[in-house]
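Bear in mind the structure is a predicted one, so any value in this text is a computation, not a measurement. Computation of the quantities below employed the complete heavy-atom set of this structure, encompassing side-chain atoms and omitting hydrogens, waters and symmetry-equivalent molecules.
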Amino acid sequence: MPTRRAVTGRSREPRARFAEELRHLRTERGDSLRQLGERMGWDWSLFGKMEKGETVGGPEVVQALDQYYGTPGLLLAMWELAISDQSQFKERYQRYVALEAEATSLWHFAVGVLPGVLQTEAYAREVLAAGRLNGEEIDVQVKARLTRRDLLEGRGAPHFRSILSETVLCTPLREASAWREQLGHLLEVADRAQVVVQVLPHSAGAHSLSSTDVMFLRVAQGRTVAYVESASHGTLLEASRQVEELQQMYDSVRDLALSPGESRKHISRLLEEIPCDPSI
C-alpha cells in the first residue's frame, strides 16, 4: 500500500512525516549528514537512518535537534507521534527500537530463533508466517525487520554479541537453499570486527536462560536496559536490579558457550552438511 500523502505532497504517516521534516530542516540549514553529526556530537549515520525512516531515534537526540534547528518542541511532538505509529513495528517493540538505534553496544541470547538483525529475508518471512501473520502484514513486518540489519553496518555500528542456543541452528528453514543462505549470512556477519557470534551447545546442559530470549542495550550515560521476549510478548526492563540479575545469568551462559572461533567452525560444518540442490 503506498504511503498516504496530503495535498502539500508530504506524508500523513507519522514516521514518514517525521523523516521528511528532518531532511527538510537539514537541507534548509545547508548541512550534510556528516556536518550535522560533527556539530551535534552524534554519529552521522544515525541521522541518515532517521531521515530514511529506518529509525526514529531516541528522545535525547530529538530534543537536541529541536534546539539545533530552533524548533522548540516541534520535532519532539512529531517524534511522539512517530514512536506510536504501528505501521512498521508492533507496539511492544517501539520503545525498544528507539533505544536500539542509540545503543553503543548490544548483547543477545537466543533460545530458538535468530535475532532480527541477523535474519535474511527468507528466514524473517518464515518465522513471521509461523507467528500467524499473513499477506500484506508479513510484507510490512519483513521490510521493517530487514531495515534493522543496517544497525550492524557502517563505521558507527555498535559492538554486538549474540549467543545462540544450538537449538537455533538445529531448526532449519523448509527450503535448503534458503537455510544455506541464512547460515552463510550468519558467517559473513560474524566475521565483522564489531560482531561476536557464539554457539551454546546442547552438551553444556541446563542453564539459567533456558527459556529466555534477551537483548541488553548499553544506551545514554552508560546505562544498560534489557528486553526480554517470549512467543507472546516482550518486556523492556530498565530497573538496574532486574537488569543486573539478568546480566549475571547471561555471563554464566557465556562461560558455557563455544569460543567465537569454535562457533564459526560449528556453523561452517552445518553449512557443509546441507544437501546440494539436485542438478537440472
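- F160 is not connected to V243 by any chain of hydrophobic side-chain contacts under 4.5 Å among Ile, Leu, Val, Met, Phe, Trp and Tyr, and they are in different clusters.
- At distances below 3.5 Å, at least one donor-acceptor pair connects side-chain atoms of R180 with backbone N or O atoms of P275.
- Using a 4.0 Å cut-off between charged side-chain N and carboxylate O, R241 and E244 make no salt bridge.
- Between F109 and H207, the distance from one ring center to the other falls under 6.0 angstrom.
- Judged by distance alone, the side chains of S105 and H159 never bring a donor and an acceptor atom under 3.5 Å apart.
- Y250 and V117 fall into different hydrophobic clusters, where Ile, Leu, Val, Met, Phe, Trp and Tyr side chains are chained together by heavy-atom contacts under 4.5 Å.
- Checked by atom type and distance alone, the side chain of S268 pairs as donor or acceptor with a backbone atom of R264 at under 3.5 Å.
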Begin from the C-alpha positions of E121 and R125 and carry the test salt bridge (Lys or Arg N to Asp or Glu O under 4.0 Å) through to its verdict. CA-CA 6 Å; E121 180 175 354; R125 190 169 296 278; 3.4 Å; yes
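- Put simply, the side chain of Q182 never gets that close to the backbone of L173: no donor and acceptor are under 3.5 Å apart.
- Distance alone, capped at 3.5 Å, is enough to place a donor-acceptor pair between the Y123 side chain and the L114 backbone.
- Not one N or O on the side chain of R161 forms a donor-acceptor pair closer than 3.5 Å with the backbone of V196.
- With contacts defined as side-chain heavy-atom distances shorter than 4.5 Å, the pair M215/L106 qualifies.
- Although no hydrogens or angles enter the test, the distance criterion places a donor-acceptor pair under 3.5 Å between the side chain of E166 and the main chain of H202.
- Although no hydrogens or angles enter the test, the distance criterion places no donor-acceptor pair under 3.5 Å between the side chain of D31 and the main chain of L36.
- Judged by distance alone, with hydrogens and angles left aside, the side-chain atoms of Q35 form a donor-acceptor pair with the main-chain N or O of S32 at under 3.5 Å.
- Applying side chain to side chain contact (heavy atoms under 4.5 Å, CB included) to V199 and the options V168, I163, L169 leaves one that passes, L169.
- Between the side chain of R29 and the main chain of Y68, a donor-acceptor pair closer than 3.5 Å is present.
- In the hydrophobic clustering of ILVMFWY residues, with side-chain heavy atoms under 4.5 Å counting as a link, L183 and L152 come out together.
- In this structure a side-chain-to-backbone donor-acceptor pair under 3.5 Å is missing from T71 to L74.
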